[in-house]
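Every value quoted in this text rests on a predicted model; they were computed, and no experiment measured them. All residue numbers in this chain count up from 1 along the given sequence.
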Amino acid sequence: IDTCSGITRLVRAGQTPTIIQTAQGDFTVLNKGNLPVGVDRNFEYNEQEICLGIGDRLLLYSDGISEARCFENKEQYGETRLYASMKSTAKLEFSAAISRIVQDLKDWLDPEKPKDDVSILGIEMRGRFCQI
């Protein structure tokens, strides 16, 4: 992430999609991906480039969230629920939004505990930070 320009370069190597949420609350899901690391050592990974504006949020998450299963019906939490949770928290301060998303997953799973890791990396562009 270039904190001066907002230009962000990503390489997806088998993990879940990256979600960009604009300051206005709109979503872009970056589904374009590559092979997981280690599958083919000659594989050339493709980079995606986006530009984060002030107030935009970037969310990376593990499949332990999207693939978490509710004990009662064995249904996965899924991307649709994750996106709905993000949308409902768009106006919250970012750390509160992330906490609410994790709590929504826990409430949905209750009384079960996740069977896989629950990892989220959230980044919010709060301003431009340039060295002069």
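Side-chain atoms of Gln15 come within 3.5 Å of backbone N or O of Ala13 as a donor-acceptor pair. Within the 3.5 Å criterion, the main-chain N or O of Ile20 finds no donor-acceptor partner in the side chain of Thr28. Using modelled atom types, one side-chain atom of Tyr45 and one backbone atom of Leu35 make a donor-acceptor pair closer than 3.5 Å. Using modelled atom types, one side-chain atom of Thr16 and one backbone atom of Tyr61 make a donor-acceptor pair closer than 3.5 Å. In this structure, Asn31 contributes its side chain and Pro17 its backbone to no donor-acceptor pair below 3.5 Å.
Summarising the geometry, atom CD1 belonging to Ile98 is positioned 5.0 Å from atom CG belonging to Leu59; distances are rounded to the nearest 0.5 Å. Interatomic distance, CD of Gln76 versus CD1 of Ile65, reported as 13.0 Å (0.5 Å rounding). Here the straight-line distance linking atom CE of Met86 with atom CG of Leu92 works out to 11.5 Å at 0.5 Å rounding. Annotation: the span from Gln21 atom CD to Asp56 atom CG amounts to 9.0 Å, rounded to 0.5 Å. How far CG of Asp104 is from CG of Leu82: 9.0 Å, rounded to the nearest 0.5 Å. With values rounded to the nearest 0.5 angstrom, Gln48 atom CD is found 7.0 Å from Thr18 atom OG1.
One hydrophobic cluster holds both Leu30 and Leu52 under the rule that ILVMFWY side chains link at heavy-atom gaps under 4.5 Å. If you chain together hydrophobic residues whose side chains sit under 4.5 Å apart, Ile19 and Val118 fall into the same group. Linking ILVMFWY residues whenever their side-chain heavy atoms come closer than 4.5 Å, directly or via other members, leaves Ile120 and Leu10 in distinct clusters.
Heavy atoms from other residues, nucleotides or ligands lying under 6.0 Å from CZ of Arg100 number 12 at most.
For the pair Glu93 and Arg57, the tightest heavy-atom approach, listed with the atom from each and the gap, is C-NH2, 3.9 Å. The two residues Asp116 and Gly64 come nearest to each other via the heavy atoms CB-CA, 3.8 Å. Between Gly14 and Pro36, the shortest heavy-atom contact is CA-CG, 4.0 Å.
A donor atom on one side chain and an acceptor atom on the other are found under 3.5 Å apart for Ser62 and Asp117.
Residues satisfying the disulfide bond (SG atoms under 2.5 Å apart) test with Cys51, not counting sequence neighbours, are none. For Lys115, the salt bridge (Lys or Arg N to Asp or Glu O under 4.0 Å) partners at least two apart in sequence or on another chain are Glu112. Annotation: salt bridge (Lys or Arg N to Asp or Glu O under 4.0 Å) contacts of Arg128 (sequence neighbours excluded): none.
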Show the atom names and distances, to 0.1 Å, of all donor-acceptor pairs under 3.5 Å that link a side chain in residues 1-9 to residues at least two apart or in another chain.
from: Asp2; atom 1: OD1; to: Cys4; atom 2: N; distance (Å): 2.8
from: Asp2; atom 1: OD1; to: Ser5; atom 2: N; distance (Å): 3.1
from: Thr3; atom 1: OG1; to: Phe129; atom 2: O; distance (Å): 3.1
from: Ser5; atom 1: OG; to: Ile7; atom 2: N; distance (Å): 3.1
from: Thr8; atom 1: OG1; to: Gly6; atom 2: O; distance (Å): 3.1
from: Arg9; atom 1: NE; to: Glu49; atom 2: OE1; distance (Å): 3.1
from: Arg9; atom 1: NH2; to: Glu49; atom 2: OE1; distance (Å): 3.3

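Sorted pairs that involve residues 63-129 and meet disulfide (SG to SG under 2.5 Å), not counting sequence neighbours, are lacking altogether. For the ring pair (Phe, Tyr, Trp, His ring centres under 6.0 Å) condition, the pairs that include at least one residue of residues 73-128, sequence neighbours left out, are Tyr77-Trp108.
The residues Glu75 and Arg81 are annotated as salt-bridged, a charged nitrogen and a carboxylate oxygen being separated by less than 4.0 angstrom.
Two residues are said to be in side-chain contact when any heavy atoms from C-beta on lie closer than 4.5 Å; Leu60 and Leu58 meet this criterion.
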